[in-house]
Each structure stands twice: as C-alpha cells, then as structure tokens.
Amino acid sequence: MKKTLILFILALSISSLNAQMLGKNQVNSRADSLRGTLTPLRTCYDINYYHLDVKINIDEKSISGSNEFVFTATQNFNKLQFDLFSNLKVEKVVYKGAELPYTREYNAVFVTFPKAVKKGSRDKFTVFYSGTPVIAKNPPWDGGFIFKKDAAGNPWVSVACQGFGASCWWPNKDHQSDEVDSMLISISVPKTLQEISNGRLRKTVDQPDGYKQYNWFVSNPINNYDVSFYIGKYSHWKDSYNGENGKLTIDYWSLQTDSAKARPHWDADVKPMLKSFEHWFGPYPWYKDGYKLVQAPHLGMEHQSAVAYGNKFMKGYLGRDLSGTGHGLKWDFITVHESGHEWFGNNITAKDIGDMWLHEGFTNYSEVLFVESTENKAAANEYVIGLQKGIRNDVPVIGPYGVNREGSGDMYPKGANLISIIRQLINNDIKFREILRGLNKTFYHKTVTTAEVENYISKQSGLKLDKIFDQYLRYAKIPVLDYKISNGTLSYRWITDVKGFDMPVRVSLKADSYTLIKPTNDWKTIKIDSSITVANFKNDPLFYIKLQKSQD
C-alpha cells in the first residue's frame, strides 16, 4: 500500500480508467456466468451484421427501437441466447414475419425457433425493445447513459459501457469473443441536436415528429462496448493524415461552446500520435471508417473510429502526470491513450474480459512509445519507470474467465512494465517493433486470448517467456530478487510463485553500470566490484522487481 493519499489517488486513477473494477472478494453469480460464459446457446451462432435502429427521448431519458441480428449458424440449433438488461422491455422478437417465444433470466434472453436452424445457414431475427436505460453514476467507471448540459444549457448525451455491458442499452450477443463484421447504427434524436456514432455517416432522414435520424455505417468488425453515440450541439471540422495506407480522414467534433480551444489543443497531439503509433504498431486499423475525436460528457473511452474525449482540453490526465516525471504533462493523456486503443482493444480484442490487460497494458505502453517518439528513449524509460508507483500488486492482472470479471487495475502500469521488461530481454528495438507490428497484422480485426499473444511474442522473440508471463499476470506478487553480499561475492536467487523462474535481470555488479545476470530459484554466486555493498546494490529499474536482503 502507498503511504500517502496523493499516491493512493494516483494509483486509483490508473486502475480505474476505462475499467469497471469489481471487488476482489466478489462471489461469481448465476448472472455473471450467463453474461461471461460461452455456452452452446451462444456459440451456436456467429454474428455477421447488426442494424441498430433506436430513438432516444432525452426529456424522458428513455430509448425505443430495434436491433436486427444477421448470423450464421455454427451448428444445428433451435434455441439461442442474446443479452439485454432486465430493466429494458423486450416488446417482441420477430423471425420470418412471426413472433418468437422467449424467456428471460437476469439479463439473458432465450429465444426458441419454430424449427431447427441448420449449420452453415445464414439467417436473421429482429428484437424490438424499449425502456429507461441505466444512468451512469460516475462515467466512464460505471456504465450507462450520461445526460448532461453544455455551457449554453443544451442537452449533451452519450453512453459508456465497457465492462458493464453494451446490453445495458441495446440487445446483442454481449460477449467480446464475437465481433459483428459490419453494422448500421441508426439513431434518432431531436432535430435541434446532432448525433455522432462510429463509422461514416451515410445519410440523415427527417422524421415527422421533430426528430432526425442519423445513419452511420461501420464497415469493419467492432466490439459491442465500442458502439456508441454522442448527442449535442457540435462544431465539426475535417482534416487528413497521409499514413501508411494512404489518406486517413480525420473528423473533429467538439461542442460549439468549446470549439475555439479544441482546435489548437487537438491539433497538437493527433497527427504526432498517429505518426508514432503507425510507426510502432502498423497502419491505423480503420481507414475505411476514418478517425474521429468526439468531445464527450465523460472522461474518455476508446469507441472505435469515434474516440470519446473529455479531458477538458488539458495536458496530462486532467492536468496531472500519472508518471510523476513531467513527461506526461507535455501531451493530452486521453487523446493519446484512448487513441492507442484503436490498435490494442479495438483491432486486437480480448475474447474474455479477464484478459483485459491485453487492451490496457499495451495501450499504457503506447504512452511510453509516444514519449519516445516525441522526445527520446531516455524520457520514455523515465515515464515507464514512473508508472511503477501506481502498482498495488493486490490481485492477479488476469481475472477469472467465463464470469465477465476483470483482474487487477494493475493491468495498466504493471502490464506496461511487463512489456518494458520483455523489450529489455529482446534487447533489439528493431525486432521489438516488428513484434508489435506483427501482433497487429497477425491478429488484425480479431479476438484473442492471452495465451495466443504470449505464444506469438515468445516465438517471434526466440525467448522462453512463459514463466515471466505467469508470474506477472497470474500471480499478484512480483519476483523478489533475494541477495546477500560478502567478501566481494554476490549471492542471489529468485523467490517467486512460479517454480523454475529464471528471468534474466540487470543489476549493479560495479558502480555506475548494470550487468545482466541469470538468477534461478536456486542460489548462485558471482564476483562483484568492491565498491558494491548491501547499501548500494540495486537493479535496473526498467526491470520491475523487488530487491530483498536475504535473511538466510
């Protein structure tokens, strides 16, 4: 535990960003399993296309409409599950012009078809629904709708639901493992306001009741929690970036009341961010849908091709540097971090929310790479080391699978420092960059598991990394380097949860330099310079470990 309130707040900020942390002692419930487990009633169909068509009544804070499911049967079945929070009413489920019977259990809906749907067949049904969605109490850390007013008193409405579930506001197969291939998002709002969603605007349609329908088409796979909307009185301006795959369109949407300060603020970071991330990670994954940065009534979220921004046009994280080094006050944290998720989180998506470190650890490290791109490597090293003070080592980074449960909020800074360690062990930045780009190419627009990413990095690096991944991701504690110094000799060993742990580490065998040693769980010895004592022996801080003077 950190000893000061300010460091506690810092750690809490890092662990909370974009993640809905659940208590480590929470017992898994039937509702958790229905949401998090891939049962045959969910794996029996693969989602191909959604058409979400809803009207948002701001005065009543309600929603009504439908979602069409187009799917391919992966096996013969006559019953399936989709998801919709129980406070929202299913009006009817229509299939081939007739209503289907359904039952509900918690937030799961079970639909029975009149006859078996055959494996390999492409079919569809439509869910009509209505109700008052959950209103977020502290978005984006808890999920739901956000109803606010801008500085001029105009309505300003959005939604954030990562972890909480997209089914809090629209019916879908609410599991990260199955991303829809493409999607049409039709949102109807009062004519006096504008609405922005993911993808590209196809058309608007005036409606007779004082509403206007905005139709946005997403031509790429998208995970459910990324599907979003922003409603308000917006200013809109365009730009473009000449990227690796050609001309990338950039659309900026700020509130009209904030456009004067938004333009120069966003201009300072967006193109340098795109240049940095395309260099390290490969081409921006959504050229077809473009890049949008949209001012939101909450802090921020990685909504694909429509990144949510709410950092009040400040440098750092609401004016603070989460690394404590000063480097994080030279750019806008939300612009950079949330955009980094376009590669890790949106392009590469964890199949199970228990593996969310794949989103947050790599994206936290994207900040390090941005500092390196805009300053230098020494500054980047200082930044990632600075993140270590926000690590609590409370519970494992990987959460339990199958119950829609994240692991520790350490997934951000601890995940970033794990990647930093792997970079030190590879000791070849050309190969390290190839691995990051290779991840985004190999798993392009795919859902993955931690094991798949681990195996890819290990294979491409040529290093044996399995025990390192295990200790840092699957156990709460970090490796302890137990040591003693006597008569010019260093004795050392690892104390770890993982048996046979053998991670190399750099330590001070002589003054003002670090040398790579290869500890195991058994004692080893090595001669050291006479200037090195128990008092000044240290490890390279780029290796996030704990030093412990041995009591043996």
Side-chain angles (χ1 to χ4, degrees), residues 18-19 47-48 162 166 175-183 197-200 217-228 241 243-246 248-250 270 273-294 300-308 334-353 355-370 373 411-412 415-416 419 432-457 460:
N18 294 353
I47 282 292
N48 306 131
Q162 183 185 19
H175 196 280
Q176 286 184 184
S177 64
D178 193 2
E179 295 184 340
V180 69
D181 301 324
S182 61
M183 181 172 184
S197 284
N198 318 79
R200 295 193 184 275
F217 185 71
V218 182
S219 58
N220 292 293
I222 186 169
N223 64 59
N224 294 330
Y225 74 77
D226 270 343
V227 176
S228 194
Y241 175 73
E244 291 192 17
N245 280 357
L248 172 64
T249 61
I250 299 174
V270 169
M273 174 275 299
L274 290 169
K275 180 180 179 181
S276 174
F277 292 169
E278 284 211 331
H279 170 80
W280 286 105
F281 302 148
Y284 177 75
W286 321 106
Y287 271 75
K288 287 183 180 180
D289 292 328
Y291 172 86
K292 293 194 293 292
L293 192 57
V294 189
M301 184 61 67
E302 63 264 27
H303 298 146
Q304 183 176 307
S305 74
V307 174
I334 293 298
T335 299
V336 172
H337 180 92
E338 302 305 341
S339 297
H341 277 305
E342 292 283 47
W343 284 265
F344 289 97
N346 299 346
N347 185 40
I348 301 173
T349 305
K351 288 180 183 292
D352 192 289
I353 201 170
D355 280 337
M356 284 292 287
W357 86 274
L358 294 171
H359 299 200
E360 302 302 350
F362 280 93
T363 301
N364 210 180
Y365 197 75
S366 77
E367 302 159 28
V368 180
L369 296 173
F370 181 75
S373 297
M411 70 178 76
Y412 293 81
I419 296 162
F432 178 67
R433 175 174 172 249
E434 288 173 349
I435 288 172
L436 294 177
R437 291 174 67 92
L439 282 168
N440 278 279
K441 183 177 181 180
T442 301
F443 301 114
Y444 184 72
H445 294 181
K446 291 182 179 178
T447 60
V448 300
T449 64
T450 289
E452 289 175 302
V453 171
E454 287 182 24
N455 291 338
Y456 180 87
I457 295 174
Q460 298 302 315

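For the numbers below, each heavy atom of this structure counts, side chains included, while hydrogens, waters and symmetry mates do not.
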_I want to check something: taking the side chain as every heavy atom from C-beta on, are Tyr287 and Asn220 in contact at a cut-off of under 4.5 Å?_
no
*Shortest non-hydrogen contact from Leu436 to Asn440?*
O-ND2, 3.1 Å
*Mind checking the CE-CE spacing from Met356 to Met411? Nearest 0.5 Å is all I need.*
6.5 Å
*Taking atom CG of Asp352 and atom CD of Gln176, what is their separation to the nearest 0.5 Å?*
7.5 Å
*Would Leu274 and Ile250 count as a side-chain contact (heavy atoms from CB on, under 4.5 Å) if you check the C-alpha gap in whole Å, the side-chain angles of each, and the deciding distance to 0.1 Å?*
CA-CA 11 Å; Leu274 290 169; Ile250 299 174; 3.9 Å; yes
*Under 4.5 Å between any side-chain heavy atoms of Phe362 and Trp343, yes or no?*
no
*What is the distance from atom NE2 of His445 to atom CH2 of Trp286, rounded to the nearest 0.5 Å?*
4.0 Å
_Can you see whether Asn198 engages Ser305 through a side-chain donor-acceptor pair at a distance of less than 3.5 angstrom?_
no
*asked:* Any heavy-atom pair between the side chains of Asp355 and Val453 that's under 4.5 Å?
replied: no
_Any heavy-atom pair between the side chains of Leu358 and Thr450 that's under 4.5 Å?_
yes
_Please find the pair of heavy atoms, one from Ala306 and one from Ser197, that lie closest to each other, and give the distance._
CB-O, 3.9 Å
*Give the C-alpha distance, both sets of side-chain angles, the deciding distance and a yes or no for side-chain contact (heavy atoms from CB on, under 4.5 Å) between Phe277 and Glu342.*
CA-CA 10 Å; Phe277 292 169; Glu342 292 283 47; over 6 Å; no
_Gly290 to Thr249 - nearest heavy-atom pair and separation_ = CA-OG1, 3.5 Å
_Quick one, Trp280 and Phe370 - any side-chain contact, counting heavy atoms below 4.5 Å?_
no
*Is it true that a side-chain atom of Tyr284 and a backbone atom of Glu244 form a donor plus acceptor pair closer than 3.5 Å?*
no
*asked:* Quick one, Tyr291 with Tyr241, criterion side-chain contact (heavy atoms from CB on, under 4.5 Å). Give me CA distance, side-chain angles, the key distance, then yes/no.
replied: CA-CA 10 Å; Tyr291 172 86; Tyr241 175 73; over 6 Å; no
*Supply the atom-to-atom distance Asp289 CG to Asn346 CG, rounded to the nearest 0.5 angstrom.*
11.5 Å
*Hey, what do you get for CD (Gln304) to OH (Tyr225), rounding to the nearest 0.5 Å?*
9.5 Å
*asked:* Let's go through Thr447 and Glu179 carefully: what are the C-alpha distance in whole Å and the side-chain angles of both, what is the deciding distance for side-chain contact (heavy atoms from CB on, under 4.5 Å) to 0.1 Å, and is it a yes or a no?
replied: CA-CA 8 Å; Thr447 60; Glu179 295 184 340; 3.9 Å; yes
*Any side-chain heavy-atom pair from Glu302 and Asp226 closer than 4.5 angstrom?*
yes
*What is the ring orientation for Phe281 with Phe344, classed by angle as parallel under 30°, tilted 30 to 60°, or perpendicular over 60°?*
perpendicular
*Do the side chain of Arg437 and the main chain of Pro283 share a donor and acceptor less than 3.5 angstrom apart?*
no
*asked:* Would the distance check show the side chain of Lys292 and the main-chain N or O of Gly199 forming a donor-acceptor pair, the cut-off being under 3.5 Å?
replied: yes
*When you check the side-chain N and O atoms of His341 and Glu360, is any donor under 3.5 Å from an acceptor?*
yes
*So Lys446 and Glu452, salt bridge (charged side-chain N to carboxylate O under 4.0 Å, His left out) or not? Walk me through it.*
CA-CA 11 Å; Lys446 291 182 179 178; Glu452 289 175 302; over 6 Å; no
*Quick one: pull up CG in Asn223 and CG in Asp178 and give me the separation to the nearest 0.5 Å.*
11.5 Å
*Side chains of His303 and Glu338: does their closest heavy-atom pair fall under 4.5 Å?*
no
*Check whether any side-chain heavy atom of His359 lies under 4.5 Å from a side-chain heavy atom of Thr349, and answer yes or no.*
yes
*Return yes if a side-chain donor-acceptor contact under 3.5 Å exists between Lys351 and Thr449, otherwise no.*
no
